[in-house]
Amino acid sequence: MSNVKTVILDANEAVASVAYRLSEVVAIYPITPSSPMAEWADQWLSEGKRNIWGALPTVAEMQSEGGAAGALHGALQGGALCTTFTCSQGLLLMIPNMYKIAGELTSMVMHVTARTLATHALSIFGDHSDVMGCRTTGFSMLCSNSVQEAADMALIAHAATLETRIPILHFFDGFRTSHEVNKIIPISDEDIRAVVDDRFVVEHRKRALTPDNPIIRGTAQNPDVFFQAREACNPYYLAAPAIIQNVMDRFARQTGRQYKLYDYFGAPDAERVVVLMGSSAGAAEEAIRVMMAKGEKVGMLKVRLFRPWDIEHFLHALPKTVATIGVLDRTKDPGCVGEPLYQDVMTSIIEGLAEGTHPVTVGGRYGLSSKEFTPAMVAGVFEELKKFKPKNHFTVGIEDDVTHTSLPYDPDFSTEDKKTTRALFYGLGSDGTVGANKNSIKIIGEQTDYYAQGYFVYDSKKSGSMTTSHLRFGPNPITSTYLITRANFIACHQFSFLEKMDVLAAADQGAVFLLNTTHGADEVWQNLPKKTQQTIIDKKLKFHVIDGYAVAQATGMGSRINTIMQTCFFAISGVLPREEAIEHIKKAIKKTYGKRGDAVVQQNFAAVDAALAHLHEVKVPATVTATFDILPSISAKAPAFVYDVLGRIAAGKGDSLPVSALPPGGTFPTGTAQWEKRNITLSIPVWDKDLCIQCGKCVLVCPHAVIRSKVFEASYGAKAPATFKTAKPKWRELESELYTLQVAPEDCTGCQLCVEVCPAKSKSEAKHKALNMELQEPLRMSERENWEFFQQLPAVNRQKLNHGLVKDVQLLEPLFEFSGACSGCGETPYIKLLTQLFGDRLFIANATGCSSIYGGNLPTTPYTVNAQGRGPTWANSLFEDNAEFGMGMRLAVDQQTHFAKDLLERSRAVVGDEIANALLQADQSTEAGINEQRERVAKLKSLLEREKTSEARNLTAVADALVRKSVWIVGGDGWAYDIGFGGLDHVLGSGQNVNVLVLDTEVYSNTGGQMSKATPRGAIAKFAAAGKPNSKKDLIMEAVSYGSVYVARVAMGGNDTHTIKAFQEAEAWPGPSIIIAYSHCIAHGYDLIHGLEQQKAAVTSGYWPLMRYNPALRDSGKNPFMLDSKAPAIPFKEYAYREARYTMLARSQPELAKKLLAEAQDDVERTWRVYSGRAAMAGRGDTPNIAPKVKEEEAKPATTGAGND
Amino acid sequence: MINLATEYLGLKLKGPLVVSSTPLTEPLANCKRLEESGASAIVLTSLFEEQLALEARALDSDLERGTESHAESTSYLPDYSDDYRTTQDVYLNHLRSVKETVGIPVIGSINGATPGGWVRFAQDVEQAGADALELNTYSLAIDANVPGEKVEQQLLDLVAQVRGSVKIPVAVKLSPQYTSIPNLARKLDATGVNALVLFNRFYQPDFDLEEMGVKPRLKFSTPDELLLRLHWTAILYGHLKADLAITGGVHSGLDVIKSVMAGASVAMTASALHLYGVEHIATVLTEVREWMEKNEYASLRQMRGALSRQAVPDSSPFERGNYIKTLSSYTMRMPQ
């Protein structure tokens, strides 16, 4: 073992560790992939960790990144040392303050996990489009290329900003660097003290505002001096590059790691050079190394200092021999003359080199949204640079068959180090594979001299998601910043993956293949698909199997096979001697789980001990015997676009789609989730038709819309499959028909909410209900057939149903189905209900968050259409502006309605008065009225068909706007309570006919459970690791304060009928409405099978009082405030202490938990007093004359004296 | 002068009334009041091994649930790097606090399920300063494949392991549902345990007809339950090295007198304190004193075992004869 101290970290943790120790005020806000840096800061603070000066920093979460930047700007004025962590659209929200902070020459560092900006689509992955948007703010910009560099550059940045007085944006690639786990040398306190010169800290403090030595800053200046004053900063920018290089040199003296502003790597006499920034340098370095070994004169220039750009340093770093330069930008600037780095390089060459010595310089784009960038692509670029006239403004890594920008490359060009073990693991999110792999990296990285690297890829679903772990270990440093495509170890932790994908595609010749399967070594072969068998034979794989689930069950591990598979990996990969590895695994188990209790440690130990006895090598037959092959991810019956394009994405082959396959502008069809059969559950609910009371509760709560009911004419029953079940409908007027309750077996996630909510129990066996979970596999074929038959049955005539009754609502067709939300999600039942009630005329403006991810993440969307082709139309703008976005939709709809009415008036002569009057005066307050209007519009369109006038064409285009539309603004509490609150408040105050649905999970669920202002007092959350000390904001009463807003607080598990009523009333109210819906969430820390029970307890405890405020009642003289739940009947604790978010605090800080619990109980009582008081108030009709009577002459409107403010 | 002093588990106690395992001992103020009211020792609530295991697994599940499933949310709850305060930590801290609060002996109580678990907990309780340890052997033999002798042997093994692993006195709280209590008691005695506590009370679940479910239900003891304890104490008294203690149905001073006369070193009470308040101890002890005064007993030693099986002239009530007699006297009252 070497004596150099190393640690296994990802860049987020490494950077946060430096930033935390060098800061006094840390303003934070969650955004992927930078959130973990802020989470670390909050957690370290809760653990009492101090900064380098021995103080506890202040870590303050703000309501948005804009707020965080504002807070930092203020803290900087106060002389504090400040930092923040952000990226993407969050970084853009900081831009206004960035100009100010830089303009005032204020030292600070922000650490950015460079991430794609949302354009035609959102992407959480990495590229430089966000940081490039900041290049004119005046911030210095430093880029680091690896986990080690990110840690190092963080320190260099903090030291340099104090010396240059220029604030620094330190960035590294989102996910590829921020989430890569690698073996690095950590930055010690001594390193920090050696590099950061305290003299400059004192100078920074001296520049602060203080009444003891007052100054003013942030003045307004006029044309006479602004220009000159703006130029006054020039000396600082001119001096900065040298100062930063100086800090880098000082850092090198302390650590031995030398960085240059522009670092050249490659042949000293290189003729072809690429210029790039970020993690791509890793792949490029590998390619150059291999090409140089073949005698090619190639090199690269890694740009670390992007701002202030220094021409002299840049040109000095370039070899004099260079003839051709390829500049690689990881961003797209549509319509530009070239991307930013290219432009800077071009300018440097033109300005800095004598005419006639200019190398040929071209630019290109690569790696947008973490698109793979491999040594093969680098080689492809160098190949292009050989040409006399290389292609300019090229792309690499995609196939652009539209504007033909892409460069070809040889995908077989590989630079993988033979001494490096490359292991690929396919697991389920819930089986612990990633956690175990992170553990393995630590074991190998910390216990041996081996270098280790881990990178983890997740799919876009939250339930049943597949994870792929890419692990590299070896004696040489690992700089491979790309996924493994040639693995010498492949583990498949889920047998079902074999049916769906080519798990062995990346297997190298002679690789080891480990499969978790219930099939024994002697029978597994016959259960493998053809392609898998062929690969095993062709590549001579060593094939091992283990029944991990059997071991997990026997040792109390449930479905977590992590330590079992980890043990097998070590046993057969040969990375470490077997006994030694097991000893290390056990040590790691003790370290990871010890604090959770001995029982957990013991069961993991037992799993390790039992694993090897169940591990068997398979004798591989010489021939392929399989009769089946890997199935397509999407049914061949799907429409062509869905099959050809979305199907490729679902199969994990989206990288191979050419530009022409994808719609420009980001518009996609709905109704696509139905084609992606995921089969992710082991068990599904099975209906006992004789016991069922047809209450519809199961259908209502099903988060994934997989349990449905229909009533249909008995004659259809004759064609039903043999196992299709029906019962006599329990509706008096439908008794002659048939009722059925059907499960979509391949879409169910097995969450069991339906079984939990089912009230019908057997009289002779209490555990048997009208719905009971049974194994899916034996039922799959028959239930698939039943489901297909069910779908062909006609939808129930909506007009025969009472849309206010749960029992009837079950029969309304959902137009939101099979989302990839977490199994048992508390949000999706509300969205599904929304689509059942108003889906065929529904606009949805969706704030970014969970609901935009399960609602709109490719490949498929759960929003769908009815038999007439109508359904919700959905769009996502941003996180912060959703209320405004939705209001914009309303304005457009209303505008078109007015325009249509206007055109109709003008077209009376053409269409006739009768239909014009009917259309203009239509009563659309009921669904029947709306349907009649639709028929009139159809008639109108047919009347207009033969008209060739501009008015007729326009009227045809907008005629559908004559049918009433429903605009819903949907989002989570992070949006509604925090980042979007200003806009939400404005929209509620606007009087516009929009409806807001707040899916209140009380945390930022999508980014991993960070505190929002909806987080209740006493709960822990990320950013509130020490418990939230303040009460939840009462958004209800804020909305009520307008008087003109319909407001409801609902909880489906508390009262489902109340929920439906609130949706109906909100939609009916012609002004703004807001519904705040209790949404249980995985971040609350309990098994979501109890979600509805918890909703009920929330209501019963008085924590979540159900209420409605209906302004329509006020207009009729009644009290509009209705309290719809009973007074608290159980203590708050009885509800709260069933959830880990509360009990974790009791475990970590019992006294604080006790105090906060008492205060939270007081919150409940305070709210109840306010609500019950409001509900008991007399209505306007009962107290008509509260105000003093105004004399008639005084009541006349004023004609003069109006002010202008 | 009436002398209520007694010895139990080798500890010198100022009186015969010990507070048996009850949540009433959770607030420290209560412990103080119990001491002031005359309790001579306190048995803390039981630490259940299964509960600790369940708790650990639940904590593990809560921290792992949903993690590493999605790129944006690789975890959902902050995971503290320090240890979590488990029920065991709470229990041991509480034990230390009670020791600091009262002067009377404090007896820890544990309920184990596995050999390793018992020994670990017993040592932890000893290290935390308990004066003695009560092993709560509440278990249910519901597996038809496990014969009675195996159930007993498991108990004996566990007790022997614990006895061998700590220095403080050890009492065993038994269930009444063994085939041969005297035989089991003798075998337990042979392990070197210092006392037997008779008996555990079952937490029998009740049926909820509204919800069609079975729910746990805890009822307070009634004085009627004392009879079973008196019976077996009287039978065992004099045949064991271990002390005997009665718990279950001790509500009044007379119940204490009866317990001692059956042969118990101490009587333990909890339900009566829930029903009548912590200060009820003083009332019970006053009754004991008054009865002793009235009947001219100077010390408990005088009466201990006075009505035990070996001390009474007619031992038939302790034997099968009692059953026959009771039945026949009952039927004799019936009109023919």
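Chain letters run A, B, ... following the sequence lines, proteins first, then strands; residues in each count from 1. FYI, side chains are in, hydrogens and waters are out, and symmetry mates aren't considered; it's all heavy atoms of this structure.
With values rounded to the nearest 0.5 angstrom, B:E68 atom CD is found 13.5 Å from A:L428 atom CG. The structure places CE of A:M557 at 10.5 Å from CZ of B:R57, a figure rounded to the nearest 0.5 Å. Between the CG atom in B:L59 and the CZ atom in A:R596 there is a gap of 6.5 Å [rounded to 0.5 Å]. Interatomic distance, OH of A:Y593 versus CG of B:D60, reported as 6.0 Å (0.5 Å rounding). Distance OG1/A:T1007 to CD/B:E72: 7.0 Å, rounded to 0.5 Å.
Both the backbone and the side chain of A:A1083 come within less than 4.5 Å of a heavy atom of chain B. A:S460 touches chain B through its backbone: at least one of N, CA, C or O sits under 4.5 Å from a heavy atom, while the side chain does not. Contacts of A:F175 with chain B are made by side-chain atoms alone, with heavy-atom separations under 4.5 Å and no backbone atom involved. Neither the backbone nor the side chain of A:S35 comes within contact range of chain B, judged by heavy atoms closer than 4.5 Å. Interface remark: A:P1150 contributes backbone and side-chain atoms alike to the contact with chain B (heavy atom separation under 4.5 Å). In this structure, chain B has a heavy atom under 4.5 Å from the side chain of A:Q603, while its backbone stays farther away. In this structure, chain B has no heavy atom under 4.5 Å from any part of A:T1143. Proximity to chain B (any heavy atom under 4.5 Å) is restricted, for A:I853, to the side chain, taken from C-beta onward. Interface remark: A:D1087 contributes backbone and side-chain atoms alike to the contact with chain B (heavy atom separation under 4.5 Å). Neither the backbone nor the side chain of B:S61 has a heavy atom closer than 4.5 Å to any heavy atom of chain A.
Side-chain contact between A:Q1010 and B:Y76: absent, with no pair of heavy atoms (C-beta onward) separated by less than 4.5 Å. The closest side-chain heavy-atom distance from B:T74 to A:Y458 is below 4.5 Å. Contact check for A:K767 versus B:M212: no side-chain heavy atoms found under the 4.5 Å cut-off.
Taking each heavy atom of A:A599 and B:A56 in turn, the nearest pair found is CB-CB, 4.1 Å.
Between the side chain of A:K461 and the backbone N or O of B:S69, no donor-acceptor pair lies under 3.5 Å. Between the A:S465 side chain and the B:H70 main chain, no donor and acceptor come within less than 3.5 Å of each other.
Of the charged side-chain nitrogens involved, at least one lies within less than 4.0 Å of a carboxylate oxygen, so that A:K595 and B:D79 count as a salt-bridged pair. We find that A:D598 and B:R120 are joined by a salt bridge, their nearest charged nitrogen and carboxylate oxygen being less than 4.0 Å apart. One finds a salt bridge joining A:R1147 and B:E55 here, because a Lys/Arg side-chain nitrogen approaches an Asp/Glu carboxylate oxygen to under 4.0 Å.
Taking a 6.0 Å sphere around NZ of B:K32, one finds it holds more than 12 heavy atoms contributed by other residues, nucleotides or ligands. When the shell of 6.0 Å around CZ of B:F220 is examined, it contains more than 12 heavy atoms from other residues, nucleotides or ligands.
The candidate from A:G1009, A:G1085, A:G597 with the greatest count of non-hydrogen atom pairs under 4.5 Å with chain B is A:G1085. Comparing A:M466, A:M1144, A:R1141 by how many heavy-atom pairs each has under 4.5 Å with chain B, the most go to A:M1144. Interface remark: of the candidates A:S430, A:G435, A:A1021, A:P33, A:A1021 forms the most heavy-atom pairs closer than 4.5 Å to chain B. For the set B:V90, B:L63, B:L52, B:T86, the entry with the most heavy-atom pairs within less than 4.5 Å of chain A is B:L63. Residue with the most contacts toward chain B among A:I124, A:N1006, A:D459: A:N1006 (heavy-atom pairs, distance under 4.5 Å). The candidate from B:A71, B:A58, B:G213 with the greatest count of non-hydrogen atom pairs under 4.5 Å with chain A is B:A71.
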Worksheet entry | Verdict with supporting geometry, A:K1022 and B:S75, side chain to side chain donor-acceptor pair (under 3.5 Å) | CA-CA 9 Å; A:K1022 305 266 188 70; B:S75 70; 3.1 Å; yes
